[in-house]
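Quick notes on the structure that follows.
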Amino acid sequence: MTEKRMICISCPMGCELRVALEGKEVVSVSGNRCPRGEEYARAEAVEPMRVLMTLVKVEGGRERVISVKTDRPIPLRLFPQAMERVRVLSVRAPVRIGTVIEEDFLSTGANLVATRSSR
Amino acid sequence: MRAPEVDVLVVGAGAAGMAAATAAARAGARTVLLERGERLGGVLEQCIHPGFGLHRYREELTGPEFAHRLRAELEDSGAEILTGTTVLEILPDGPRVKAVTPRGLRKFRSRAVVWAAGARERPFGALRIPGTRPAGIFTAGLAQRLLDLEGLLPGRRAVILGSGDIGLIMARRLHLEGVEVRAVLEIQPFPGGLTRNVVQCLQDFGIPLLLSHTVAEVHGRKRLEGITAVKVDARWNPLPGTERYIEADALVLSVGLIPETRLIEGFVQLDPVNRGPKVNGSLQTDVPWLFAAGNCVAVFDLVDTVAALGERAGIAAARYARGELPSGRKVPLVRGENVVGLVPSYLNGAMGSVAVHLRVPRPMEGVTVDLGGVVRRRVRVARPAEMIEIRLGKEEIAELSRAPQVVVEVKPQ
């Protein structure tokens, strides 16, 4: 049995949560003062998910880079791989905000989309 | 004298200014928006992380996406937009506004002005840190601009001073782009930013947060080579023997924002704590034709709040320009116990309900916000990183307005 400690970020209370894990199974959550805390702890303990925001090179545009994000959260553990992938990507200007730069990014089901336009 | 050619002139096209110009134009005012930069959006353009728009658009957007929506609303509103235009002077008689446009000097006469110039970062020079003055020291906003707008890294190994949200966000951005973030130093015994950002910007990537720490000395001749970190006591005095050297070629400062007031401070009353102009519930300053909104009034946490206040200022300015804004009674809101940031400075009912924003000086649990002993609201957790918003209805404002002033306090329950 292992224990993970974390601070709940579901609301400003910031409860200090303890999650007991049996392998990848959550056995119990304590320290939470509401049900949202338990939900947060269960998700965080097994697979923290985050939106990735970064930059992609632009060719032939006024800007050198364009800001991008995943259109939904992806596993945090994939971030190093994701950054490696992003570094080799580039787009040709013009790019419109909302344009999909890469579909099904790293087979996560999330798309990498431009969050800015570049002329 | 000829009649003013403009009803509402807005200075600054960040979130507050764009929202103000949009609202003023929609209310039928001849509106001109002046922006010194080439693009609209202010600091939003370089805030490429998500977390914007949850209140205004009910979805989570990045800064550039939020700015894009505000721009679309603005372009639709009929307001005239002048970029590359720097305001030099606001003359109280008239009012008249002098500005340098790409075509030369221009003078505007308007019936009302909305000041929406945002805030500036507290610079390195204000910190009086001993040591050399090498290259490699950046304010967080500048580092963010270099990285996220221009694609330039500020260094290879960075130390961040200050754990406000911008500092935390930059720690994550620099880490993701391959910069080794050695540590985030915070002089207070608690983080300056949101817990969410401490978790998702630092803990996610194993970046150390050193509380009650600051930079004692800067090292390096031409380029920064390292800093000496030191632990401090409750009064921020360095504790001898706790110094440690951290090698770094970039020092990123997130040590506070100061409302921009340079062109108005000569003739308008400022709030000494907020450091921006005193405003009432209509975002009207002590000078009746001058309105102010956004981070030039006080530094707010959420762009959604800034845009909402901008909108209100725009509507109020348009009404003032038509002679339809009742001056009404201004009842001073006064800081009591545990209140630092406080907006507005005066309570009035001219625009219906009013949102009072206040900030506590330290984290507190289970508190009551008390306005004049008349209105009380319970708040479970109060933190310096998150402003408390108290909405006052018309009846509450009327009741509070009977007193000569209203003391705002935050009391433990």
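Order of the sequence lines fixes the chain letters, A, B, ..., with proteins taken first and strands second; residue numbering starts at 1 for each chain.
B:Glu150 has its side chain within reach of B:Arg145: a pair of non-hydrogen atoms, C-beta onward, lies under 4.5 Å apart. Within the 4.5 Å cutoff, side-chain heavy atoms of B:Pro363 are placed close to those of B:Pro384. Put simply, the side chain of A:Leu55 reaches to within 4.5 Å of the side chain of B:Ile48, judged on heavy atoms.
Each of B:Glu60, B:Arg383, B:Gln203 has some count of heavy-atom pairs under 4.5 Å with chain A, and the biggest count is that of B:Arg383. Contacts with chain B were tallied for A:Leu52, A:Ile97, A:Thr115; A:Thr115 has the most, counting heavy-atom pairs under 4.5 Å. Between chain A and the options B:Val198, B:Val199, B:Leu61, B:Asp148, heavy-atom pairs under 4.5 Å are most frequent for B:Asp148. Of all the listed residues (B:Gly151, B:Ala385, B:Ala382), the one sharing the greatest number of non-hydrogen pairs under 4.5 Å with chain A is B:Gly151.
B:Thr305 contributes no side-chain N or O that, together with a main-chain N or O of B:Val303, makes up a donor-acceptor pair within less than 3.5 Å. Proximity of a side-chain donor or acceptor of A:Glu25 to a complementary backbone N or O of A:Glu22 within less than 3.5 Å is not detected. A donor-acceptor contact shorter than 3.5 Å is absent between the side chain of A:Asn111 and the backbone of A:Asp71.
To the nearest 0.5 Å, atoms CD (B:Glu365) and CZ (B:Arg380) are separated by 9.0 Å. Expressed to the nearest 0.5 Å, how far CZ of B:Arg376 lies from CG of B:Leu371 amounts to 10.0 Å. To the nearest 0.5 Å, atom CE of residue B:Met387 and atom CG of residue B:Leu358 are 8.0 Å apart.
Among the residues in residues 57-66 of chain A, those with a non-hydrogen atom closer than 4.5 angstrom to a non-hydrogen atom of chain B are A:Glu63, A:Arg64, A:Val65. For residues 76-96 of chain A, a heavy-atom distance under 4.5 Å to chain B picks out A:Leu76, A:Phe79, A:Met83, A:Arg87, A:Arg96, given by residue number. For residues 26-47 of chain A, a heavy-atom distance under 4.5 Å to chain B picks out A:Arg33, A:Tyr40, given by residue number.
Looking at B:Glu45, both its backbone and its side chain come within 4.5 Å of chain A, counting heavy atoms on both sides. Within the 4.5 angstrom heavy-atom criterion, no atom of B:Leu194 approaches chain A. Both the backbone and the side chain of A:Ile7 come within less than 4.5 Å of a heavy atom of chain B.
By the 6.0 Å contact criterion, CD on A:Glu103 is open, its count of non-hydrogen atoms from other residues, nucleotides or ligands being 12 or less. Within 6.0 Å of atom CZ in A:Arg119, 12 or fewer heavy atoms from other residues, nucleotides or ligands are found, so the atom counts as exposed in its surroundings. The neighbour count for B:Arg36 CZ, taken as heavy atoms of other residues, nucleotides or ligands under 6.0 Å away, does not exceed 12.
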Start with the C-alpha gap between A:Arg18 and A:Glu16, add the side-chain angles, then the distance that decides, and say whether salt bridge (Lys or Arg N to Asp or Glu O under 4.0 Å) holds. CA-CA 7 Å; A:Arg18 288 179 299 280; A:Glu16 286 173 35; over 6 Å; no
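Using cut-offs of 30° and 60° on the angle between ring planes, the pair B:Phe300 and B:His357 is perpendicular.
Nearest heavy-atom pair across B:Phe138 and B:Ala250 is CE1-CB, 4.3 Å.
In terms of the ring-ring contact (aromatic ring centres under 6.0 Å, His included) criterion, residue partners of B:His49 (sequence neighbours excluded) are, by chain and number, B:Phe52.
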